[in-house]
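Structure first, then comments.
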Amino acid sequence: MSESPTPEPPRPARPRPASATPPDAGGTGREGVAQGEGRRGRGRRGRPRRPQGEGERQGEQPPDQGEQRPDQREQRPDQRERGRGRGPRPNRRNQQGDRRQDRPPPTPEEREARRVAREKRLAARAASVPAITYPDLPVSAVKDDIAAAIRDHQVVIIAGETGSGKTTQIPKVCLELGRGIAGQIGHTQPRRIAARSVAERLAEELDVDLGKQVGYQVRFTDESTRDTLVKVMTDGILLNELQRDRDLRRYDTIIIDEAHERSLNIDFVLGYLKQLLPRRPDLKVIVTSATIDPERFAAHFTDRDGKPAPIIEVSGRTYPVEIRYRPLVRVEPAKTPGKPDVETEIDQVTGICEAVEELWTEGGAAERAREGSGEDILVFLSGEREIRDAADALEGMNLPGTEILPLFGRLSAAEQHRVFSRHSGRRVVLATNVAETSLTVPGIRYVVDAGTARISRYSQRTKVQRLPIEPISRASANQRSGRCGRVSDGIAIRLYSEADHDARPEFTDPEILRTNLASVILQMTALGLGDIARFPFVEAPDSRMVTDGLRLLHELHAIDPEEKDPRRRLTDVGRRIARLPVDPRLARMMLAAVDEGALREVMTIVAALSIQDVRERPLEKQAQADQQHARFKDEKSDFVTLLNLWKYLRKQQKELSGSAFRRMCKNEYLYYLRIREWQDLVGQLTTTMRELDLEPNSRPATSDQVHRALLTGLLSQIGLYDRDKREYLGARGARFAIQPGSALRRSSPEWVMSAELVETTRLWARTNAETDPAWIEQAGAHLLKRSYSEPHWSRKRAGAVATERVTLYGVPLVTDRQVGYGSIDPETSRALFIRHALVEEDWDTPTASSTTTANSWPGSPNSSPGHAGATSSSTRTPSSSSTTSASRRPWSPARTSTPGGRRNGAADPSCSRSPRTSSSPTTPTRSTPPTTPTSGSRVTCGCGSPTSSNPAPTPTA
DNA sequence: GAGCACTGC
């Protein structure tokens, strides 16, 4: 093991290897973990994993139309050459469109050759269909009904609980119907691990090799080929394929599994399919759901006659579960007869202990447990803290032969894994919602449901994500109690009353009603779907949520809010953000990083922010883990901390063998599989950026470059420290605190930007860095509000001046900057000029070498920065010789001098208004501050570079 | 002085 090394200095310039994927760390990474890991390395039959972005780009065409356009197959030389240059580049999609039109129509011979090839492919696919048998499962009993429904309808809804076998048997019914030949059968799952295991089971039941007739694709892993008949994938993969295959031509059948989960992806796919069906009459869609609410999906997919899609119900193979209500009150008979009984509330922990005790003594349970049959108890709680409290109390009960196990997402892999290990005696597993859908805890006979969960909600008021603890819905309660009826009959105790249960909402709000819609809106705009209000969502989001999504996209420069034509609303930046497989804020950072020359660093940070933290903090060893991780900390930036960690890992990986590296990870509380995912994601982002002709920097970027790029994605997540209240003032009056664990917790710098603001017990900022109001003013120029006070005549500046106040979402960036008032309020300024300069002659006649009104222009280098807060490190160097053409300004004194030299001369190296920001393709400088000169005069900033559209000062860093 | 859960060419 190495001694705490100091993180490396910035990475030296090193040519990038041809493959964008980071070098293999050795090992196959196949250890099973509770969640999240994908099978890596090799397929089951030793087939090498297909590298990302390399080799054939399979399946852009349906198997029966397998011909690929030449422009899709290879990069054309002109595209390759364009890659290095800066400046705007033409949209490739348009080029393809043009090219398609340019292509000469096929000759009859070509057409015939294609027809023959197609028939050959179809015959080969048909011949590859394996023999189909059905195991003894509830769904097998109704397979003929399902087959008939699919044959007769374009859309079929299949409702059935877990254990019915619908997930694995329906693809087989489809194959037997002859589907999967003309196109693939696409089968979506909400989670990667599910996609993989469904494909594995299907391949096993059909007795074929995984990756041949049955394949799967999840992020970073594609175990499917053009010859694959059934492709299982995450719904995100299907969504992403839309970008290249608008009509999903490669599929002849699409199965959307677990639709009741109603994730953002599922809702988007269902809406899209609804629109697609009339264009693809040959396409069959099967939507499967738990038995809750299949009617909603049936009604969504009405046919042309307005008839809802048929629903086929499949019974599940589950055992009866007895529900007992044990509300958290204790009823004692009234002491005086005739008076009502006395109810006293008990706390949740007591309720849990009593419920566990009740189940403990349940008829013969203890005896059965001794015999080794599953008698375990699963307790559902809302979060980590509740789990710890309950665990402490249960441990205190000293139940004989009993193990108490916590289970929540942030637990280390090993800790999560304990619930899958074999054990003797009894177990009480205390879990969050992970155990409701993502993880199946084996051997559960009893459930205790506290009836609450943390639900992610987007706050309309503060535009911030919240995680409030809420009563769960009836559907969720049903799902929880169902977790104990899988191996035998079970008992579920609900720590609330039946009346409480019945009064609860039927379903949890679908994600689309609870989340910021920026990403969905962007994808829809990029796909040319037009008006969001008219998109056929299963449940349409509130228009205010749409407005908020659009607002964020404007903040990111992704859309032009003034463009009325929705097809033209997307900016170049927006089009590129839509291509990048990360959150729009993070994608924005990457594009800004290109201009800053910091793409390599920012890509690493963005990938880290996109995945779960690779740093583990086991419950019992938090101090040791913190100590290990402290080596990487940067005092001013949690982002730099991530870079330090990345550099350390790369260095260790180079020096150690695969197994030694993994040992090191474990010893230093780093999660190997997430590190692999981090590296995979950096590889994927590198590839995608390269496809956009954007290359990473070869020279290491400075911290300022990195943070300026990050800031472009975090403009509404900045904060100004309020010393009195010891908290930060954020956008729209939000007040937040730095989360403990952030390196900035103690230093509390004046200005911070945060990668994530989440409201739990209070509004917390997680992953933060110090920032600079001058940078914010520059990056947020399109969002600033300016106001002016105390206009007066300045003898010294020979012009009207006023005090400027600049705010971003209500956060004061500048409070008392003295600026020229002429362009802001010409009339008042003119009056001041007449009264003071002309009438009172309060004016020094300018000499030939001095300047006049130019200095009083807002944004001219002589206006004081005046940034709020005191720690601004970036005071601009005043440049005394700026000038402007004043002749057209009616309020300016008649005599204006034009000092020679600088004007239109060579660029002043001290000028911060570099061409980078004014001509960059990714940073439109179009902005509409109220201070744009009205007369069209041109402001120069002392070095001759024109800045006519943006009078905001451009500070140096 | 602390955090539900997923997911993308």
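Numbers restart at 1 for each chain; the letters A, B, ... are given by sequence-line order, proteins then strands. Since this is a predicted model, take the numbers as computed values, not measurements.
If you check every strand for non-hydrogen atoms under 4.0 Å, A:S263 touches nothing. Using a 4.0 Å heavy-atom distance criterion, A:T437 is classed as making no nucleic acid contact. Across all strands shown, A:D583 has heavy atoms under 4.0 Å from base atoms, whether or not it also approaches the sugar-phosphate. Among the atoms of the strands shown, none is found under 4.0 Å from any heavy atom of A:L239. Using a 4.0 Å heavy-atom distance criterion, A:Q523 is classed as a base contact. The residue A:I469 sits apart from the nucleic acid: no heavy atom pair falls under 4.0 Å. Counting non-hydrogen atoms under 4.0 angstrom, A:G741 reaches a base of the nucleic acid. Across all strands shown, A:R262 has no heavy atoms under 4.0 Å from either base or sugar-phosphate atoms.
In terms of heavy-atom proximity, A:S481 sits nearest to A:N478 at OG-O, 3.1 Å.
When each of A:R746 and A:V582 is assigned the nucleotide of DNA chain B bearing its nearest heavy atom, the one mapping closer to the 5' terminus is A:R746.
Note that A:R762 lies in the cation-pi zone of A:W764, set by a 6.0 Å cut-off to the ring centre and a 45° limit from the axis.
The 12-atom threshold is not exceeded at CD of A:E635, counting heavy atoms of other residues, nucleotides or ligands nearer than 6.0 Å.
An OP1 or OP2 oxygen of B:dG8 is reached within less than 4.0 angstrom by a side-chain nitrogen or oxygen of A:T234.
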- Task: Take A:D583 and A:R585 through the salt bridge (charged side-chain N to carboxylate O under 4.0 Å, His left out) test and state the conclusion after the steps.
- Result: CA-CA 6 Å; A:D583 180 87; A:R585 283 185 187 276; 5.1 Å; no
